[in-house]
Protein chains: 2
Amino acid sequence: MGKRHVSLKDLAKELNVSISTVSRALKDHPDISNALRTKIKKLAAERNYSPNPLAMGLLKQATRMIGIIVPDLVSHFYSSIISGIESVAADKGYFVVIANSNERYEKEKESIENLLKARVEGLIVCMSCETSDTAHFRQLVQKGIPLVMFDRVCLPNLIPAVVADNAEASQKIIQHFYDRGYRRIAYVSGPEQMNISQERLLGYRAGLKACSLEPDPALVEFCDLSFESAKAAMKRLLQLANPPDAVYGINDTVAFGLMNAIKEAGLRIPEDTGVVGFTDEFHSTVVSPPLTSITHPTFEMGQKTAELFFKHLNSDVPPETIVLKTQLIERLSSSK
Amino acid sequence: MGKRHVSLKDLAKELNVSISTVSRALKDHPDISNALRTKIKKLAAERNYSPNPLAMGLLKQATRMIGIIVPDLVSHFYSSIISGIESVAADKGYFVVIANSNERYEKEKESIENLLKARVEGLIVCMSCETSDTAHFRQLVQKGIPLVMFDRVCLPNLIPAVVADNAEASQKIIQHFYDRGYRRIAYVSGPEQMNISQERLLGYRAGLKACSLEPDPALVEFCDLSFESAKAAMKRLLQLANPPDAVYGINDTVAFGLMNAIKEAGLRIPEDTGVVGFTDEFHSTVVSPPLTSITHPTFEMGQKTAELFFKHLNSDVPPETIVLKTQLIERLSSSK
DNA sequence: CTGAAAGCGCTAACAA
DNA sequence: TTGTTAGCGCTTTCAG
């Protein structure tokens with residue numbers, strides 16, 4: 001394999017100066033003579049010198065790595081957010097290391113430990129849908145480890161976070177359905193402990209009220225966020241004596257599950273049943289009919305999250321929650 | 001911030017023994033007395049000691065990090081492959097650091113440099129669609145830096161790789177179209193320099209021949225792999241005096257672009273135009289009509305790639321190319 | 001203006 | 001059975 005990287009030592013030996021001289025020259029320390037500095041810099045460039053981040057890390061106790069934990073790597077939502085995080089991290093010379101909780105509480109805790117062992121400087125996490133106990137996050141805060149959450153968050157007084165304006169988005173959806181003439185509007189939520197489930201449910205209820213629609217508990221269904229369980233939830237809704245004429249799904253996969261069940265039941269979208277999702281741009285346009293949706297500004301959410309992270313990494317400001325405005329984009333799936 | 005991690009030194013001081021004693025005890029060195037060993041291990045566990053990977057890396061010149069470069073992070077194909085890579089890397093105690101070339105040649109070269117600066121032990125890359133010059137990869141090989149490629153590969157005699165059986169897959173598609181009664185079969189390819197474009201084109205031609213269909217150069221279109229350019233390519237095909245009755249798209253996004261153009265032209269899938277893609281399971285089922293496709297075993301491709309990487313990391317075996325069998329899954333989009 | 005030395009956390013060869 | 005020392009690559013006093 002041979003030696004891959006030139007060290008200060010190598011350069012020093014070659015020029016017959018000391019290591020510290022080389023080090024100083026390379027960082028423009030004023031004490032070094034111009035002539036020597038240029039000579040050293042020239043050689044460094046030739047030899048393709050780049051400082052060993054491990055050595056620096058050891059010295060400065062800083063790895064320039066930031067850990068990200070997401071419930072799922074393959075969905076467009078998370079990968080797009082990761083892209084956003086990565087873009088600002090790269091600007092700051094940071095790398096991101098990604099761990100996947102697979103929507104499992106245990107794996108989430110495990111990932112936190114592993115990333116800490118790898119000496120990330122801090123964590124950005126989106127909670128698994130199983131997680132209801134938040135002790136592990138509280139512990140991180142106590143240990144002074146920088147932590148920022150996004151989308152699925154907890155402990156807002158302790159942990160900085162970036163979220164969508166979930167309640168307001170839900171209300172917009174209900175209003176939109178109402179304007180299009182839909183009257184029995186169902187909501188398929190995720191697990192109850194999730195903040196997004198709760199907030200969107202509140203918005204749903206507020207929206208119904210604003211439209212003077214009678215809330216019917218039978219029209220609120222829960223699922224575990226999988227395609228299959230969403231489909232099952234929709235089937236239950238369709239079997240009601242008085243089934244809904246519109247349904248709102250809490251995220252991408254759920255929305256697709258709903259559409260699938262509706263089509264399988266032989267109903268037409270949007271004529272028989274209107275559908276609105278909480279989805280990103282790309283997926284909304286790819287399905288058929290194109291899905292009206294609240295679009296998450298995912299890439300931007302990632303960027304904002306990273307910015308918040310760096311803000312908290314470097315100073316001791318109190319936690320804040322950034323709320324991103326959402327946009328309802330009307331497509332075919334809800335235009336009766 | 002305070003000190004985050006306990007070191008061997010801390011443990012040694014607390015027990016009044018030397019650092020090396022602690023080090024040895026922790027790794028079950030036979031020289032240490034049983035009593036002392038247990039005492040040390042107990043304290044280490046209590047204090048939550050974990051070895052500092054930076055120090056280890058510095059010492060062993062091994063970072064346990066592997067760099068991945070993909071053309072795009074947000075597509076299901078790549079994130080799923082990354083998941084596969086990550087799963088076997090994690091088993092071996094390795095982390096993956098991901099860089100995104102955004103389908104740009106320059107960014108690809110830049111990413112390689114950055115990852116090397118970060119001291120990854122080797123690279124796994126899928127080429128950007130812009131890349132035709134392969135000098136940067138040749139250089140890596142010369143420097144003895146472990147490199148494995150997947151899907152979009154080059155220099156097979158120099159670089160180990162994992163690919164799908166592209167030619168055979170293409171042939172299966174043509175045969176399938178033929179069996180369903182389609183006769184004017186078009187192919188929308190990616191940029192010509194890409195190995196996948198070439199191999200699938202060869203398979204396409206071989207398939208036509210096997211079915212005794214006359215190849216028509218007008219039925220082969222190229223695009224830059226974006227949704228929009230695929231759509232444009234399909235529009236060109238539909239404007240031919242003698243337009244195709246079936247079309248095969250080189251990947252997910254392209255297939256969706258084709259479908260979109262076909263629908264916009266007021267044609268029906270599969271009655272007027274059959275469509276087959278080279279797509280993953282998930283996307284194929286979400287679009288409408290469900291898309292017949294060659295399914296990439298993406299997660300597995302990631303795993304195989306990582307296994308190949310580790311094989312070459314540890315020994316000096318000659319480069320090999322692993323060819324994964326594909327599967328044609330028939331769905332509605334091609335069943336006239 | 002430049003060099004020597006200590007120290008970041010760890011291992012391994014060498015002493016005792 | 002345990003301790004001492006050197007060294008991985010780098011920065012930073014402290015001494016010239």
Side-chain angles (χ1 to χ4, degrees), chain A residues 1-41 43-45 47-65 93 116-121, chain B residues 1-41 43-45 47-65 93 116-121:
Chain A
M1 310 235 288
K3 210 182 152 187
R4 299 249 172 85
H5 297 281
V6 222
S7 67
L8 285 187
K9 196 178 178 182
D10 299 327
L11 299 178
K13 208 183 311 174
E14 192 157 344
L15 290 172
N16 263 314
V17 294
S18 80
I19 295 178
S20 29
T21 303
V22 180
S23 167
R24 280 190 276 242
L26 256 25
K27 55 179 34 158
D28 289 321
H29 191 101
D31 278 1
I32 305 291
S33 71
N34 258 317
L36 189 53
R37 192 204 341 274
T38 36
K39 202 166 81 176
I40 290 176
K41 282 198 168 179
L43 185 72
R47 293 277 177 284
N48 220 316
Y49 169 78
S50 84
N52 185 324
L54 293 171
M56 299 291 264
L58 193 53
L59 198 63
K60 300 270 177 62
Q61 300 290 54
T63 53
R64 298 190 95 70
M65 292 202 314
L116 290 183
K117 276 188 192 161
R119 301 310 199 256
V120 295
E121 291 184 29
Chain B
M1 310 235 286
K3 207 179 151 187
R4 300 249 172 85
H5 297 281
V6 219
S7 66
L8 284 188
K9 196 177 177 183
D10 299 328
L11 299 178
K13 208 184 311 175
E14 192 158 345
L15 290 173
N16 262 315
V17 294
S18 80
I19 295 178
S20 34
T21 304
V22 179
S23 166
R24 280 190 277 241
L26 256 25
K27 54 181 36 159
D28 289 321
H29 191 102
D31 278 0
I32 304 290
S33 72
N34 257 318
L36 190 53
R37 188 197 352 269
T38 38
K39 203 166 79 176
I40 291 176
K41 283 199 167 179
L43 186 71
R47 293 278 177 283
N48 220 315
Y49 169 78
S50 83
N52 185 325
L54 292 172
M56 299 292 266
L58 192 52
L59 198 63
K60 300 270 178 61
Q61 300 291 54
T63 54
R64 298 190 93 69
M65 292 201 315
L116 290 183
K117 275 187 194 161
R119 303 306 200 259
V120 295
E121 292 185 29

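Every chain is numbered from 1 and lettered A, B, ... according to where its sequence line falls, protein lines coming before strand lines. Below, each value reflects all heavy atoms present in this structure, side chains not excepted, and no hydrogens, waters or symmetry copies.
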| said: Over all strands shown, is A/Asn52 touching base, sugar-phosphate only, or nothing at heavy-atom distances under 4.0 angstrom? | reply: sugar-phosphate

| What nucleic acid atoms does B/Ser33 come within less than 4.0 Å of, heavy atoms only: base, sugar-phosphate, or nothing? | sugar-phosphate

| note | Quick note, A/Gln61 side chain, CB onward, closest among C/dG9, D/dG9, C/dT2 is C/dG9

| request: Look at the side chain of B/Lys60 and decide which nucleotide, out of C/dA12, D/dT2, C/dT2, has an atom nearest to it. | output: C/dA12

| remark: B/Val17 has its side chain closest, among C/dA5, C/dT2, D/dG3, to D/dG3

| When you measure from the side chain of A/Leu59, which nucleotide among C/dT2, D/dG9, C/dT11 comes out closest? | D/dG9

| said: Under 4.0 Å, heavy atoms only, any strand: does B/Leu36 hit a base, just the sugar-phosphate, or nothing? | reply: sugar-phosphate

| message | Nearest heavy atom decides the nucleotide; on that basis, is B/Pro30 or A/Met56 closer to the 5' end of DNA chain D? | response | B/Pro30

| request: Assess whether one donor atom and one acceptor atom, taken from the side chain of B/Ser20 and the base of D/dT5, lie less than 3.5 Å apart. | output: no

| query | Under 4.0 Å: is that the gap between some side-chain N or O of A/Ser18 and OP1 or OP2 of C/dG3? | reply | yes

| Would you say a side-chain N or O of B/Lys9 is under 4.0 Å from OP1 or OP2 of C/dG7? | no

| To the side chain of B/Arg24, which of D/dG3, C/dT11, D/dC10 is closest? | D/dG3

| task | Using modelled atom types only, decide if a donor and an acceptor are shared between the side chain of B/Thr63 and the backbone of B/Arg119 within a distance under 3.5 Å. | result | yes

| query | Hey, which of these two, A/Ile32 or B/Ser23, hits DNA chain C nearer its 5' end, going by closest nucleotide? | reply | A/Ile32

| remark: In whole angstroms, the gap separating P of C/dA6 from CD1 of A/Ile19 amounts to 14 Å

